[in-house]
Structure formats: C-alpha cells, structure tokens
Amino acid sequence: MRRCRDTLPDVLGHDNREVAAVFAGGALGATARALLDTVAAPDAGHWPWPTFVVNIVGAFLLGYFTTRLLERLPVTSYRRPLLGTGLCGGLTTFSTMQVETLRMLDHGAYGLAAGYTAASVALGLLAVYLATALVRRVRVRS
C-alpha cells in the first residue's frame, strides 16, 4: 500500500509534509492578520496600528519559537516550518509596512513615516530580544 507522501510530487526537493506545515501555519497567520486589518483599517495620515501590532507580535513570537525550538525542545522537522516560517511569516507583513510608509510620504507625513519605520524596526528587534531572554530565563527540567 502506498503512503500519501509517495503519491505527492516532490516540491523543489522538500519534504511535502514540511511544505504542508508552512502552508498551514501561513494560513493561520495570514487569517489573523487579515481579521485585525478588517477590524482596524489604517488611514494614510495616521499610525497604522494593525500592521504595527502584528509585526511586533510576530517578531516576539518568532524570537520565542526559534529560541524554544532550537534550545529547549527536541528537534523535529515540522515545528519550525509551521510556527516560524508559516505562522510568523503569514502574520507579519513588512511589505505592507513599506507601502504604508510610502503612503505617509505621499501625504507629506514625513515625521510620521520616519517614526513608524524607526519604531517598527527598534521594537521588532526588542521584541525578539525579550522573547529570547524569556525562553532562556525559564529553567530546563531535568
């Protein structure tokens, strides 16, 4: 009897279950981002809170998942693609951040654009740092 994996074509030399994990995580992340954007659609002359929030939360989650999966849990083939590449990749949207920054510049909101870009990068890096420190602070059970 053939397994399902044997009947699926190999996608660019990758394990199809790994590709499925990325797809599933990406679908969850993108759905969460789209729901937030629908509830709180940003205006070009104002701070784009939905994108800002998902990017900072996504950076925190990426730092948390990456550190936890690499340093605290047994290595598996599917957790990192599901949570890191898929969920965090689908949740965060730095391309939208760039478009929103360009819209701000088009509307003459130069200070807002500079502040938004600087805050997004700085707080994203801080979020990764804090998540990593949080995972490393928790004692490992023996």
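Note that CG of L102 is 12.0 Å distant from NE2 of H107, once rounded to the nearest 0.5 Å. A distance of 11.0 Å separates CE in M97 from OG1 in T92, rounded to the nearest 0.5 Å. Interatomic distance, OG1 of T93 versus CG of L36, reported as 11.5 Å (0.5 Å rounding). One distance of note links SG of C88 with CG of L28; it measures 11.5 Å at 0.5 Å rounding. Atom CZ in R137 sits 11.5 Å away from atom CG in L130 (nearest 0.5 Å). How far CG of L83 is from CZ of R68: 11.0 Å, rounded to the nearest 0.5 Å.
The minimum heavy-atom distance between L105 and A113, with the atom names listed, is CD2-CB, 3.7 Å. Nearest heavy atom pair, residue G124 against residue A59, reads O-CB, 3.5 Å. Annotation for M104 and H46: closest pair CE-O, 4.2 Å, computed over non-hydrogen atoms. Between E18 and Y78 the shortest heavy-atom distance is N-CE2, 3.4 Å.
In this structure, L91 and L61 have side chains that are in contact, with non-hydrogen atoms separated by less than 4.5 Å. L112 has its side chain within reach of W47: a pair of non-hydrogen atoms, C-beta onward, lies under 4.5 Å apart. At least one side-chain heavy atom of L87 sits under 4.5 Å from a side-chain heavy atom of F65.
A donor-acceptor contact closer than 3.5 angstrom links the side chains of T132 and T67.
For F23, the CZ atom sits in a loose shell: 12 or fewer heavy atoms of surrounding residues, nucleotides or ligands are nearer than 6.0 Å. Shown here is Y129, whose OH atom has no more than 12 heavy atoms of other residues, nucleotides or ligands within 6.0 Å.
There is no path of hydrophobic side-chain contacts, each under 4.5 Å, that joins L125 to V57. Residues V121 and F94 do not share a hydrophobic cluster, clusters being chains of Ile/Leu/Val/Met/Phe/Trp/Tyr side chains in contact below 4.5 Å. L82 is not connected to V22 by any chain of hydrophobic side-chain contacts under 4.5 Å among Ile, Leu, Val, Met, Phe, Trp and Tyr, and they are in different clusters. L70 and Y64 are members of different hydrophobic clusters when ILVMFWY side chains are connected at heavy-atom separations under 4.5 Å. Linking Ile, Leu, Val, Met, Phe, Trp and Tyr whenever their side-chain heavy atoms come within less than 4.5 Å leaves L62 and L123 in two separate clusters.
A donor-acceptor distance shorter than 3.5 angstrom exists from the side chain of R33 to the backbone of G90, with no hydrogens or angles considered. Within the 3.5 Å criterion, the main-chain N or O of S120 finds no donor-acceptor partner in the side chain of N55.
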Apply side chain to side chain donor-acceptor pair (under 3.5 Å) to residues E100 and Y116 and explain how you reach the verdict.
CA-CA 9 Å; E100 290 168 345; Y116 176 55; 2.9 Å; yes

